[in-house]
Amino acid sequence: MEEPMTYYIDLITRYFSGEASPEELMSLSGWIKESAENRKLFEDYGKAWNLTEQSIIDQKIDLDAEWSSLSGKINFEEKRHEPKVINISAAESTKKGTGKNWLKLAATLLILIASSTFVYYYFGNSRMVTITADAGIREVTLPDGSVISLNQGSKLEYPKTFKNKRIVRLEGEAYFKVAHDAGKPFIVKGNESNVEVLGTQFNVKTRNQQGNMEVVLTSGKVSLYTDSSPSKKMILSPGDQAEVSPVKNSIIRQVNTDLNYLAWKTRKINFDDTRMDQIIATLKSVYGVELQFTDPGLAECTVTASFDQQPLTSVLNVITSTLDLKVQQKGSIFILSGKACK
């Protein structure tokens, strides 16, 4: 039977107060080893406990030493051996009752304020799901019915169960079809930037060269804001494109002119007198490959062509034939060579 989070919080409290039994130490150690999040919660609680005790005792807690000590105390091969417990004694160790309870209460209040990990576990969701699109495009249906398409190389994190808000974190690029729920705003977080919606469709990219978030709205409405200025929101309408810069704390909105912003998902590509540097960027997004020029002047060449579900080799054949170029593949890199356009 899975223990609730409050059980392990109590075990951590008992450990630092020196009251944990050998069986409780074994349970706590096993829980800490289950995940990096659990260990972080243990460490954050130790920091909070240390801050509480500083005004009462001179001894400071070495968190790494505490973790090593806890791991070393428990011999799983010899369960009958009772491990030693490090007691953190207050200056007035003879006082019982009120003093010890105050310490526990103060430490608990500190952890609620200082530990984002605890807030994440206790007020958010105890379990997170991580989806990566390593081999290609991947489609995910969230617990609320929202459907997300992940571009290759992207990662999405979301809770198994949504509470008051539907918060997900994105690294990379994804297209969202958000199920409408007026009572639970849907928030996409990435690069210290946020997209908040109730129900709509939009594309988000969190990995551009400047580290900004790019958003293109297909339908509905969304509001954009940075972590540092949550009250300064910009509303997008269908057809808008915006770039959010956390560093500059700015949001730039304009009409979307990129016909291929969803080509990575649909595999439908349209070039209308498009420059080669823009074509290269599109092909990289759609096919996940690296393309280079031998002559920077080739970036100014333009191509007009359309492709629908065609492989990269076919696309490159059309482009190279149109511009009289040659293509050479070296590993995963495609190198285009020929005369520059003027």
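For reference, positions follow the sequence shown, starting with 1.
Linking Ile, Leu, Val, Met, Phe, Trp and Tyr whenever their side-chain heavy atoms come within less than 4.5 Å puts V327 and I269 in one cluster. Residues V318 and L259 do not share a hydrophobic cluster, clusters being chains of Ile/Leu/Val/Met/Phe/Trp/Tyr side chains in contact below 4.5 Å. Side-chain heavy atoms closer than 4.5 Å link hydrophobic residues (I, L, V, M, F, W, Y) into clusters, and following such links, possibly through other members, connects I279 to F307.
When the side chain to side chain donor-acceptor pair (under 3.5 Å) test is applied to S146, the partners found at least two apart in sequence or on another chain are D144. Applying the salt bridge (Lys or Arg N to Asp or Glu O under 4.0 Å) criterion to K232, with sequence neighbours excluded, gives no partner residue. Every residue meeting the side chain to side chain donor-acceptor pair (under 3.5 Å) condition with Q254, not counting sequence neighbours, appears here in chain and number order: Q241. Partners of K284 by salt bridge (Lys or Arg N to Asp or Glu O under 4.0 Å), not counting sequence neighbours, listed by chain and number: E290. Evaluation of the ring-ring contact (aromatic ring centres under 6.0 Å, His included) rule for Y158 yields no partner, not counting sequence neighbours. Evaluation of the side chain to side chain donor-acceptor pair (under 3.5 Å) rule for R169 yields no partner, not counting sequence neighbours. Listed by chain and number, the residues in a side chain to side chain donor-acceptor pair (under 3.5 Å) with D240 amount to none (sequence neighbours excluded).
K233 and E196 are joined by a salt bridge, as a carboxylate oxygen and a charged side-chain nitrogen come within less than 4.0 angstrom of each other.
Evaluation of the salt bridge (Lys or Arg N to Asp or Glu O under 4.0 Å) test over residues 179-191, restricted to residues two or more places apart or in two chains, returns K189-D227.
With L336 as the partner, the side-chain contact (heavy atoms from CB on, under 4.5 Å) test is satisfied by one option alone out of I280, T294, D295: I280. When each of Y175, F176, F186 is tested with F202 by the rule ring-ring contact (aromatic ring centres under 6.0 Å, His included), just one qualifies, namely F176. Partner Y261 forms a side-chain hydrogen bond (donor to acceptor under 3.5 Å, both in side chains) with one of T218, N256, N203 and no other, that one being T218.
With a 4.5 Å cut-off on side-chain heavy atoms, T130 and L156 do not count as touching. Residues M276 and F293 form a side-chain contact, since some pair of their non-hydrogen atoms from C-beta on lies under 4.5 Å apart. Between V247 and N249, the closest side-chain pair of non-hydrogen atoms is not below 4.5 Å.
Applying the 4.5 Å side-chain rule to ILVMFWY residues, one finds I187, Y225 in the same cluster as I167. Applying the 4.5 Å side-chain rule to ILVMFWY residues, one finds that I252 remains a lone member of its cluster. I333 belongs to a hydrophobic cluster whose other members, connected by ILVMFWY side-chain contacts under 4.5 Å either directly or through intermediates, are I335.
With 3.5 Å as the limit, one finds a donor-acceptor pair spanning the side chains of N270 and S306. T304 and D273 are not linked by any side-chain donor-acceptor pair at a separation below 3.5 angstrom, with hydrogens and angles left out of the test.
Remark: side-chain polar atoms of S321 are not paired, donor with acceptor, to backbone N or O of I319 under 3.5 angstrom. Checked by atom type and distance alone, the side chain of T320 pairs as donor or acceptor with a backbone atom of N317 at under 3.5 Å.
Residue D308 qualifies as enclosed at atom CG: its count of foreign heavy atoms under 6.0 Å is above 12.
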Which atom pairs, one a donor and one an acceptor, fall under 3.5 Å between side chains of residues 135-142 and the rest of the protein, sequence neighbours left out?
residue: R138; atom: NH1; partner: T132; partner atom: O; Å: 3.0

